[in-house]
Amino acid sequence: MAMLAARAAGKGNGIRRLFSSFPFPSSQPATTPPPPAEPSTNLFISGLNKRTTSEGLEKAFSEFGQVVHARVVTDRVSGYSKGFGFVRYATIEEAAEGIKGMDGKFLEGWVIFAEYARPRSLPPHSSQAKGSSPSGFP
DNA sequence: TGTGAGCGT
């Protein structure tokens with residue numbers, strides 16, 4: 001339980017920024033922009049308990065809005081949870097309430113972090129919905 | 001055992 005304090009102090013993606021000010025010559029041109037992700041109805045939930053399931057996610061986040069879909073990412077071959085998941089609300093307002101209501105809170109005994117999910121893939125400039133799957137997953 | 005800092009089948 002001592003790790004919970006370190007997690008709470010880090011607060012998501014703030015830990016890796018501690019190394020961005022390292023006194024190095026002029027190697028890294030200050031790359032790695034810190035995009036907090038643009039607001040959307042899709043949320044990225046991290047810090048989940050390995051035993052937390054998709055319905056557990058949906059049940060917890062449904063208290064702050066209408067959850068359209070919730071999923072805990074699991075390994076395809078092992079079936080074990082990867083410790084994070086995604087929750088999609090009906091509206092962006094509900095997504096914001098979900099973040100404010102669940103970010104840094106406990107779920108299944110673990111402190112979780114809720115933030116806006118990044119787009120899964122960049123818009124490929126133009127897409128021909130034809131032939132093979134546009135999702136890239138057969 | 002899936003104790004990790006993670007953006008998906």
Side-chain angles (χ1 to χ4, degrees):
Chain A
M1 284 304 176
M3 68 183 81
L4 296 179
R7 287 160 46 87
K11 197 69 176 68
N13 51 15
I15 301 179
R16 63 186 178 200
R17 302 195 62 182
L18 296 175
F19 301 93
S20 59
S21 58
F22 194 77
F24 238 62
S26 48
S27 304
Q28 312 303 81
T31 50
T32 64
E38 55 188 274
S40 65
T41 58
N42 204 25
L43 300 183
F44 171 69
I45 315 302
S46 57
L48 295 176
N49 192 320
K50 300 289 185 181
R51 296 170 296 184
T52 301
T53 181
S54 298
E55 59 181 6
L57 252 189
E58 179 177 348
K59 185 176 181 180
F61 280 80
S62 293
E63 300 181 14
F64 304 95
Q66 180 182 357
V67 176
V68 177
H69 191 73
R71 170 191 291 180
V72 171
V73 178
T74 56
D75 188 277
R76 199 161 73 100
V77 296
S78 302
Y80 288 103
S81 172
K82 292 185 176 181
F84 62 93
F86 296 89
V87 173
R88 170 166 294 185
Y89 280 97
T91 63
I92 296 181
E93 297 178 350
E94 291 174 314
E97 292 297 321
I99 291 179
K100 293 188 300 182
M102 292 300 296
D103 183 51
K105 301 300 171 55
F106 280 86
L107 180 62
E108 300 288 325
W110 287 81
V111 178
I112 67 174
F113 296 101
E115 55 187 285
Y116 295 110
R118 301 173 179 173
R120 199 173 172 193
S121 60
L122 295 174
H125 179 265
S126 64
S127 54
Q128 291 281 11
K130 173 181 201 175
S132 54
S133 310
S135 301
F137 193 82

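Order of the sequence lines fixes the chain letters, A, B, ..., with proteins taken first and strands second; residue numbering starts at 1 for each chain.
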Phosphate-side-chain proximity, A:Lys82 and B:dG8, N/O vs OP1/OP2 below 4.0 Å: no

Nucleotide nearest A:Lys50 when distance is taken to its side chain, options B:dT3, B:dG2, B:dC7: B:dT3

Integer-rounded Å distance: B:dG2 P and A:Leu48 CG: 15 Å

Value in whole Å for how far the P atom of B:dG4 lies from CZ of A:Phe84: 15 Å

Residue list, side chain to side chain donor-acceptor pair (under 3.5 Å) with A:Glu58, at least two apart or on another chain: none

A:Asn42 CG to B:dG8 C1', straight-line distance once rounded to whole Å: 9 Å

Residue closer to the 5' end of DNA chain B, A:Ala117 versus A:Tyr80 (nearest nucleotide): A:Tyr80

Listed once per pair and sorted, the ring-ring contact (aromatic ring centres under 6.0 Å, His included) pairs that draw on residues 57-82 of chain A, sequence neighbours left out: none

d(CG, A:Asn49; P, B:dG4) in whole Å: 14 Å

Spacing of A:Phe113 atom CZ relative to B:dT3 atom P, expressed in whole Å: 17 Å

Between P of B:dC7 and CD of A:Glu115, the distance in whole Å: 10 Å

Nearest-0.5 Å distance, CG of residue A:Leu107 to CG of residue A:Leu48: 6.5 Å

Within the 6.0 Å centroid threshold, strictly below: A:Phe44 and A:Tyr116: no

Distance, rounded to the nearest Å, where A:Arg71 contributes CZ and B:dG6 contributes P: 21 Å

A:Ser46, nearest nucleotide to its side chain (from B:dG2, B:dG6, B:dG8): B:dG6

Among B:dC7, B:dG4, B:dG2, the one nearest A:Trp110 by side-chain distance: B:dG4

Rounded interatomic separation in angstrom, taking CZ from A:Arg118 and C1' from B:dG6: 10 Å

Nearest-neighbour nucleotide for the A:Val73 side chain, B:dG8, B:dG2, B:dG6 considered: B:dG8

